[in-house]
Amino acid sequence: MEFVLVGFSDVPNLQWILFGIFLAIYLIILLGNSIIILITRIDPTLQNPMYFFLGNFSFLEICYVTTTIPRMLRDIWTQKGNIPFLACATQMSFVLIFGGTECLLLTVMAYDRYVAICNPLHYPVVMNHRVCIQLVAGSWISGIPVEIGQTCQIFSLSFCGSNTINHIFCDIPPILKLACGNTIVNEMTVYIVAVVFFMVPFLFIVTSYGKIISNILKLFSARGRAKAFSTCSSHLTVVVLFYGTAAINYLQPKSNQSEGLGKLLSLFYTILTPMMNPIIYSLRNKDVMEALKKLLPKLL
């Protein structure tokens with residue numbers, strides 16, 4: 001009927017310190033990403049596809065952390081990690097949906113940079129507003145049936161042993177460890193979905209950036225090269241942060257996974273990346289910095 005999330009109950013002396021840290025992180029994520037959404041909507045200089053995608057990405061990050069951090073804070077506050085069976089399945093489903101959407105949206109953002117740098121004359125035509133909306137809608141919608149199906153498949157397994165999940169939220173690796181019998185089919189499904197939603201988009205991003213870097217190096221102007229690199233470096237940093245930690249977590253064999261390492265990696269791709277997103281994009285992007293300088297006096 002229910003599972004018990006261990007979370008950070010194995011470090012009781014740090015419970016309230018962790019509560020304060022995660023609450024502060026959650027508020028920073030909400031504030032930072034909300035500001036990015038606001039400036040990409042109202043600033044006239046940021047009305048182009050790159051910032052349209054960035055605004056959607058920031059909204060996605062808010063949704064992503066809201067599926068995990070509030071529950072974590074509640075468990076630390078009440079000192080209880082009980083989570084109903086259906087609530088656990090729902091949380092996992094949303095984590096997978098938003099994670100898959102993030103992979104696809106990062107790919108769309110890489111494609112946008114590829115067209116802008118490698119085919120600048122065709123950029124306004126190729127990346128018109130209608131195409132941008134279609135790409136964003138496709139990123140949000142395409143993973144929903146797959147991830148819901150995967151969640152249903154995992155939660156249709158028999159759980160006849162312990163109901164204690166040594167993790168911070170309901171995720172595939174720790175749930176599969178609790179299942180009875182042979183889970184090889186489920187593990188294979190996880191790898192197939194990971195290839196489709198993680199590896200294929202990642203290869204597309206790598207290919208796009210290979211062509212982008214090759215094109216940038218052909219530029220004669222050092223200033224032009226620096227400007228082209230600056231528009232890509234923020235996105236590339238976020239890609240490395242998210243993909244690096246998520247790939248290690250989901251592509252490892254179940255038997256080789258350390259529970260402590262799993263918690264740490266999950267914190268990285270579900271919390272650290274959304275928190276770093278506004279910082280990375282504001283500090284490494286002159287247009288965003290200028291928009292912030294104009295917005296902050298108005299807010300204050």
Side-chain angles (χ1 to χ4, degrees), residues 5 22 25-34 36-37 52-74 83 86-110 133 135-155 167-175 189-190 193-202 205 235 238-251 262-263 265-278 280-281:
L5 287 164
F22 288 129
I25 287 172
Y26 186 52
L27 294 175
I28 289 168
I29 290 169
L30 292 181
L31 180 63
N33 284 285
S34 295
I36 293 287
I37 293 168
F52 174 72
F53 295 134
L54 177 58
N56 276 275
F57 188 72
S58 293
F59 177 68
L60 173 63
E61 297 289 48
I62 291 172
C63 294
Y64 201 10
V65 296
T66 302
T67 62
T68 55
I69 295 184
R71 180 91 208 183
M72 238 188 325
L73 292 172
R74 177 249 181 207
I83 182 168
L86 184 59
C88 189
T90 304
Q91 185 185 53
M92 181 193 282
S93 183
F94 277 111
V95 167
L96 295 177
I97 288 168
F98 292 139
T101 303
E102 184 150 343
C103 292
L104 296 175
L105 202 49
L106 285 169
T107 308
V108 167
M109 292 167 80
I133 291 172
L135 288 170
V136 167
S139 300
W140 279 92
I141 295 167
S142 56
I144 293 175
V146 177
E147 304 300 1
I148 290 176
Q150 188 173 32
T151 304
C152 291
Q153 184 192 39
I154 290 169
F155 279 87
H167 206 56
I168 53 176
F169 59 88
C170 292
D171 201 5
I172 293 175
I175 292 287
T189 305
V190 171
V193 172
V195 166
V196 172
F197 283 93
F198 277 43
M199 297 311 296
V200 172
F202 181 69
I205 290 169
H235 177 251
V238 173
V239 168
V240 171
L241 272 176
F242 178 76
Y243 267 98
T245 51
I248 295 169
N249 194 40
Y250 284 104
L251 297 178
K263 287 184 188 180
L265 291 171
S266 297
L267 284 175
F268 264 91
Y269 70 82
T270 59
I271 295 175
L272 186 66
T273 306
M275 184 179 73
M276 295 301 293
N277 176 48
I280 292 167
Y281 275 102

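Computed over heavy atoms, backbone and side chain alike; hydrogens, waters and symmetry mates excluded. By convention here, the first residue in the shown sequence is residue 1.
- Within a 6.0 Å sphere centred on CZ of Phe94, heavy atoms belonging to other residues, nucleotides or ligands number 12 at most.
- Note that CG of Leu105 and CG of Leu135 are 9.5 Å apart. Values are rounded to the nearest 0.5 Å.
- Between Trp140 and Phe98, the ring planes are perpendicular. Angles over 60° get that label, and only those under 30° would be called parallel.
- Side-chain contact between Phe197 and Glu147: present, with at least one pair of heavy atoms (C-beta onward) separated by less than 4.5 Å.
- Two residues are said to be in side-chain contact when any heavy atoms from C-beta on lie closer than 4.5 Å; Ser34 and Ile62 meet this criterion.
- The CD1 atom of Ile133 sits 9.5 Å away from the CG atom of Asn56 when rounded to the nearest 0.5 Å.
- Within the 4.5 Å cutoff, the side chain of Phe22 has heavy atoms near those of the Ile271 side chain.
- The neighbour count for Phe155 CZ, taken as heavy atoms of other residues, nucleotides or ligands under 6.0 Å away, is above 12.
- Scored by the disulfide bond (SG atoms under 2.5 Å apart) test, Cys103 finds no partners at all (sequence neighbours excluded).
- How far CD1 of Ile172 is from CD1 of Ile154: 4.0 Å, rounded to the nearest 0.5 Å.
- Here the side chain of Ser93 pairs no donor or acceptor atom with the backbone of Ala89 at under 3.5 angstrom.
- Side-chain contact between Leu60 and Ser139 is absent, with no heavy-atom pair separated by less than 4.5 Å.
- At most 12 non-hydrogen atoms from other residues, nucleotides or ligands lie less than 6.0 angstrom from CZ of Phe202.
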